[in-house]
Participant: 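Here it is, the structure, as structure tokens.
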Amino acid sequence: MLFDALAPSSALQLIGFADVDAFRPIETMEDARSIPLDIPNFAAARAVVSLPACRIIMMRSFARILDTAYRMPDGMVILSMTDDLQVNFKGLDLDARFFVTLRGNDECHFVEPQTNHHAMIIFSPELKDRGWFDHADGLRAHVANRPALLHTRQLLLDILRTASMQPLLFETTEAAAHLQEGLLLALDDLFRIDSMSDRSASVQGERSIKLVQRIDDYVAAHPTVPIYTADLAGEFGVSIRTLGGAVSKVRGMSLHQYIRLKRLWATRARLLKGGGATVATCARAQGFHHLGEFAAAYRATFHEAPSDTLARGPAQPYPASLTDAASPYDGARHQRRSGTYLERQGGVARSE
């Protein structure tokens with residue numbers, strides 16, 4: 001919808017991504033790592049336009065777990081472009097009422113359970129300080145004033161449509177500066193936040209994030225080993241409830257589901273490399289010792305058999321041009337252990 005009225009031009013970069021593999025180069029450049037959650041409905045797209053002192057990126061995202069390292073020395077604002085946004089940020093559920101700001105650096109962790117439309121405005125050193133960012137090195141979420149949010153959204157859409165239909169205007173410094181000034185004034189209004197109503201000035205959940213990072217490191221270091229919830233909690237010195245709660249808060253799913261998903265994606269990456277590997281060796285290298293259950297879980301996640309993925313490998317190198325890489329945008333086994341009943345799939349076990 002938001003992209004339907006746009007066409008690429010000399011002032012507007014517009015890219016639609018056919019699948020997640022076409023999207024990976026963008027993530028590599030931006031120090032981001034996604035685990036998609038809904039492969040069949042993947043339909044990401046982005047539009048980019050540059051103004052004298054900022055860059056606007058409008059994104060149609062996809063259901064995913066996202067870890068990213070933001071490096072924004074001059075500041076950044078992210079806001080929803082529709083009213084149906086759903087995202088979890090460091091354990092806090094955000095909807096379209098919020099906008100997010102950062103000046104400096106931050107390691108961020110998101111879960112998007114659905115496709116979202118959002119705009120990112122990245123500022124350059126040419127922009128004079130307007131008093132927007134009162135804290136450094138920490139992504140902050142704020143409740144927006146509704147009229148100011150709607151006005152900012154509309155201006156962003158107007159700028160993108162102008163770049164699409166009248167790209168020559170962006171070659172004129174005066175015209176581009178005029179468009180930018182209107183946007184900056186709208187952002188001034190957006191940043192006039194009543195401190196009493198800013199319910200999320202400081203987003204908590206660092207302990208949960210650190211626990212999930214330890215889980216990620218442990219899974220990477222022990223790819224073939226069955227992972228039991230009780231053993232993992234003991235390894236980290238926390239309760240099973242704390243461990244499971246941290247994963248649910250940060251990743252939006254159970255520990256069992258999360259570890260299996262990570263191992264399925266690691267298996268897929270190995271299958272795509274080819275090099276004489278077999279489905280069985282790739283699966284067992286990630287702790288999947290029951291190949292029937294593995295094949296069923298793989299097909300449910302990727303909507304293809306692991307042998308089909310292997311047949312496409314080795315993965316083709318990405319074209320030099322991102323527009324070439326993407327399509328142009330057109331409109332369980334059970335066992336007893338220490339008296340605990342466990343279900344094991346893909347080398348991960350959960351207590352029941």
Side-chain angles (χ1 to χ4, degrees), residues 20-21 33-42 62-67 88 109-113 208-209 211-236 238 240-273 277-310 332-337 340-352:
V20 67
D21 295 313
R33 299 157 301 283
S34 290
I35 300 178
L37 301 176
D38 187 6
I39 294 291
N41 294 313
F42 183 94
F62 50 97
R64 59 179 171 171
I65 295 170
L66 171 63
D67 295 327
N88 181 283
H109 311 274
F110 300 91
V111 178
E112 293 188 85
S208 294
I209 292 168
L211 266 177
V212 171
Q213 290 172 337
R214 293 183 69 184
I215 293 169
D216 289 343
D217 293 341
Y218 190 92
V219 172
H222 304 84
T224 65
V225 178
I227 298 176
Y228 296 87
T229 305
D231 293 345
L232 197 60
E235 176 76 17
F236 296 163
V238 299
I240 293 175
R241 181 176 180 178
T242 296
L243 192 67
V247 177
S248 178
K249 179 182 288 187
V250 177
R251 297 309 197 194
M253 61 185 67
S254 72
L255 174 65
H256 172 81
Q257 292 171 323
Y258 179 57
I259 294 177
R260 184 174 67 172
L261 185 62
K262 286 182 67 69
R263 287 183 162 178
L264 283 169
W265 275 96
T267 306
R268 181 178 183 274
R270 181 63 188 88
L271 289 168
L272 285 170
K273 290 181 180 179
T278 67
V279 170
T281 58
C282 292
R284 292 187 178 114
Q286 292 299 326
F288 294 102
H289 300 291
H290 305 282
L291 297 184
E293 293 176 2
F294 160 74
Y298 191 98
R299 184 181 289 277
T301 301
F302 303 113
H303 294 261
E304 67 178 10
S307 56
D308 295 334
T309 307
L310 181 63
R333 183 174 78 170
H334 300 86
Q335 71 173 33
R336 296 276 180 181
R337 181 178 177 184
T340 303
Y341 189 61
L342 301 171
E343 179 184 62
R344 184 169 63 190
Q345 289 183 343
V348 58
R350 63 184 176 195
S351 300
E352 296 188 351

Participant: Given the rule in the side chain to side chain contact (heavy atoms under 4.5 Å, CB included) test, do F302 and D308 qualify, once you have shown the distances and angles that lead to the verdict?
Facilitator: CA-CA 10 Å; F302 303 113; D308 295 334; over 6 Å; no

Participant: A cation-pi test, strictly: NZ or CZ of R263 under 6.0 Å from the centre of the six-membered ring of F288 and no more than 45 degrees from its axis. Yes or no?
Facilitator: no

Participant: Apply the test side chain to side chain contact (heavy atoms under 4.5 Å, CB included) to residues I259 and V247: give CA-CA distance (whole Å), side-chain angles for both, the deciding distance (0.1 Å), then the verdict.
Facilitator: CA-CA 10 Å; I259 294 177; V247 177; over 6 Å; no

Participant: Return the CZ to CD distance between R260 and E293, rounded to the nearest 0.5 Å.
Facilitator: 9.5 Å

Participant: With L232 as reference, evaluate I227, I240, V238 under the side-chain contact (heavy atoms from CB on, under 4.5 Å) test and give the passing residue.
Facilitator: I227

Participant: So which atom in E112 and which in L37 form the shortest heavy-atom distance, rounded to 0.1 Å?
Facilitator: O-CD1, 4.1 Å

Participant: Take H109 and L66 through the test side chain to side chain contact (heavy atoms under 4.5 Å, CB included) and record every step on the way to the result.
Facilitator: CA-CA 6 Å; H109 311 274; L66 171 63; over 6 Å; no

Participant: Under the criterion ring-ring contact (aromatic ring centres under 6.0 Å, His included), I'd like the reasoning laid out for Y298 against W265: C-alpha separation, chi angles, the key distance, then a yes or no.
Facilitator: CA-CA 9 Å; Y298 191 98; W265 275 96; 8.9 Å; no

Participant: H290 vs F294, test: ring-ring contact (aromatic ring centres under 6.0 Å, His included). Steps then yes/no.
Facilitator: CA-CA 6 Å; H290 305 282; F294 160 74; over 10 Å; no

Participant: Looking at every heavy atom in both T301 and I39, which two are closest together, and how far apart are they?
Facilitator: O-CG1, 3.5 Å

Participant: Verify side chain to side chain contact (heavy atoms under 4.5 Å, CB included) between L211 and F236, making sure each step is shown before the conclusion.
Facilitator: CA-CA 8 Å; L211 266 177; F236 296 163; 4.1 Å; yes

Participant: Identify which one of L291, T224, V279, T278 satisfies the side-chain contact (heavy atoms from CB on, under 4.5 Å) criterion when paired with R284.
Facilitator: L291

Participant: If you round to the nearest 0.5 Å, how far is CD1 of I65 from CD1 of I35?
Facilitator: 4.5 Å

Participant: State which residues pass salt bridge (charged side-chain N to carboxylate O under 4.0 Å, His left out) with E235; sequence neighbours excluded, sorted by chain then number.
Facilitator: none

